Visitor: 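Here it is: the structure, laid out below.
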Amino acid sequence: MQTKNDRDAWLKGPNKRCSLLPEPQAHPHRLILLGAPGVGKGTQAVLLSEHFKACHLSTGDVFRAAKNTPANEQSAAMTVALGCMARGELVSNKTVLRLVAERSKCLHCGGGFLMDGFPRTVAQAKALEKLLAEQNVKLDAVLDYELPLKTIIARLSGRRTCANCKAVYHIESLPSKVEGVCDTCGGPLFQREDDQPESIRVRMAAYTKNAAPLKRFYKRRDMLVRIAAAGTPGETFERTIEALKSTNDQQL
Ligand code: AMP
C-alpha cells in the first residue's frame, strides 16, 4: 500500500496525479527555503513536510526525475536543462519558470508547500511573486539557511542519494547501515554527478552571484527568516520551528 505521497503532479507534470494527497490543513504552511547547495535545505524540507504535512516542491527533483525519462520523450528544453544540471550550471529562467507555472496547481496543495531550490534568482523571485498573486496564494515566510562555505563543500562531497527513494545520506555524518545501500528501501546509493568537485565549484559560484540580491528581495518584503544550519539536521529543524514561532506563526 502506498503510504507516502509520490509527488507525481510536481515531479512529472500537470497531467499526473499524486498517489496520496497530503491531509488538508486548516492553515497550510507555504514556505520558501533558501540557502547554498549542500546547506541541508532538502533534508529540512523533508522534515518540515512531515511536520506540517506540506508538499516538498523541489525544482532540482523535477530535473532529476526528467533524467530518468527516455531521451526521445524529453522536450528539447529539458535536454538542454539536463546538460546544464550535469555541469552544475543554472538552468535558464525561462525553462524553470515554465516548469513551475505548469505546476501551479501544486501551489494550492491542501497541506501547503515547501519550495526548495526555487527561486534562485531575483527574476525567478519576481515571476513567482506574480504567479502567487495570480493564483491568490499567500506566502508565509522565506527561510534562509546559513553555513560557512568550507562546511558546505565537505557536506556536498560526502553526500550520497538513494537511486530509488531519493533518501539522502552522508558518508561521515549520516552513513547508511550497509555501505552503498539505502536503509529505507534497499536501493543503491550514488553520488550525484553535480556533487563531483568541478560541478560543486560551478554551483557555488552560481549561488554566490545570485544569493545576496535574492535575500535583499525578500528582506525588503520582511519575509526573510535567517537560520543557522550548523549541527545535525534535527538541531537545524528545531531552530527552524523556533524561528517560525517568533515570526507570528500561530499554527505551530
Ligand atoms: P538542486 O537540487 O536544487 O541543487 O538543483 C540541481 C540543479 O538543477 C541545479 O544545479 C540547476 O542546474 C538545476 N536547477 C534547480 N532549480 C533551479 C532553478 N530554480 N534555477 C535554475 N536551475 C535550477
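Both ligands and their constituent atoms are indexed starting at 1 by order of listing. Everything numeric in this text was worked out from a predicted model, so none of it was measured.
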Visitor: What pairs of residues pass the salt bridge (charged side-chain N to carboxylate O under 4.0 Å, His left out) test when at least one of them lies in residues 91-103, not counting sequence neighbours?
Guide: R98-E102

Visitor: So which protein residues pack against ligand 1 under 4.0 Å, heavy atoms counted?
Guide: T59, G60, F63, R64, M85, E89, L90, V91, V96, G117, F118, R120, Q124, R192, D194, R203

Visitor: Is NZ or CZ of R221 both nearer than 6.0 Å to the six-membered ring centre of F217 and within 45° of the ring axis?
Guide: yes

Visitor: At their closest point, which heavy atom of I200 faces which heavy atom of S157, and how far apart are they?
Guide: CD1-N, 4.0 Å

Visitor: Can you list the residues that meet the ring pair (Phe, Tyr, Trp, His ring centres under 6.0 Å) rule with F237, with sequence neighbours excluded?
Guide: H51

Visitor: Members other than L189 in its cluster, when Ile, Leu, Val, Met, Phe, Trp, Tyr link by side-chain heavy atoms under 4.5 Å?
Guide: Y169

Visitor: Taking atom CG of N136 as the centre, report whether more than 12 heavy atoms of other residues, nucleotides or ligands fall under 6.0 Å from it.
Guide: no

